[in-house]
Amino acid sequence: MNAAWLHLVCAHLVVVLVPVAALLALIARLAPSRLMEHTAGALLVLAAVVSAVAYFSGPSALEIIDPQGDLVARQAESHAVAGRIAFSVVVLTGALALVALLQAWQGEAPGPLLLWAVVLAAGAAGATLLWTAHLGGVIRHPEIRPLVAFPPETP
């Protein structure tokens, strides 16, 4: 195990957890189910924690796959920027879900506005994660890179 392995495992886990949780949260809103609502919330909180590991292991993972820093610099920078956005959205989503879970555990029913905010935030998190995952794949999979080459850097 190294940082690249940890980054890939955690990133893939988050990319799966968030859309599953978003779907569960949406179903729980359309056909009310406290169990599904709580499960979605717990998955989103877990995803926020795991996304922190993925985010903070990214620089070390890049050092392992490109120690000289010249092979994938542009692709890695695009992935890092998207990762920062996705990480922020996932953490915000996890925080909203945690607030709803805490309200439920205290015996209060979370408000519908909060629960819909969790659904919308989870959908946004899923979308940003999918784009970030694509950009991460571009780093190691040249077959999915765009056919248009990046212009050469100017000194």
Taking all non-hydrogen atoms of both residues, which atom of [X] and which atom of [Y] are closest, and how far apart?
X     : Y      : answer
Gly41 : Leu101 : C-CD1, 3.6 Å
Leu24 : Ala40  : CB-CB, 3.9 Å
Val18 : Ala47  : CG2-CB, 3.7 Å
Val90 : Ser51  : CG1-OG, 3.6 Å
Ser57 : Ala54  : OG-O, 3.1 Å
Ala86 : Leu129 : CB-CD2, 4.0 Å

With rounding to the nearest 0.5 Å, note down the distance linking [atom1] in [X] to [atom2] in [Y].
X      : Y      : atom1 : atom2 : result
Leu115 : Gln103 : CG    : CD    : 8.0 Å
Cys10  : Phe56  : SG    : CZ    : 12.5 Å
His134 : His79  : NE2   : NE2   : 11.5 Å
Leu44  : Leu98  : CG    : CG    : 10.5 Å
Ile85  : Thr128 : CD1   : OG1   : 8.0 Å
Glu37  : Ile27  : CD    : CD1   : 13.0 Å

Just checking Leu113: does its CG atom have more than 12 heavy atoms from other residues, nucleotides or ligands closer to it than 6.0 angstrom?
no

Could you label the plane-to-plane angle of the Tyr55 and Phe87 rings as parallel, tilted or perpendicular, counting under 30° as parallel and over 60° as perpendicular?
parallel

Answer yes if [X] and [Y] sit in the same cluster of Ile, Leu, Val, Met, Phe, Trp and Tyr residues linked by side chain heavy atoms under 4.5 Å apart, and no otherwise.
X     : Y     : answer
Leu13 : Val16 : yes
Leu23 : Leu17 : yes
Val15 : Leu46 : yes
Leu92 : Val89 : no
Leu43 : Val45 : no

[X] side-chain N/O to [Y] backbone N/O, donor-acceptor pair under 3.5 Å:
X      : Y      : result
His12  : Leu8   : yes
Thr132 : Ala82  : yes
Thr93  : Ala125 : no

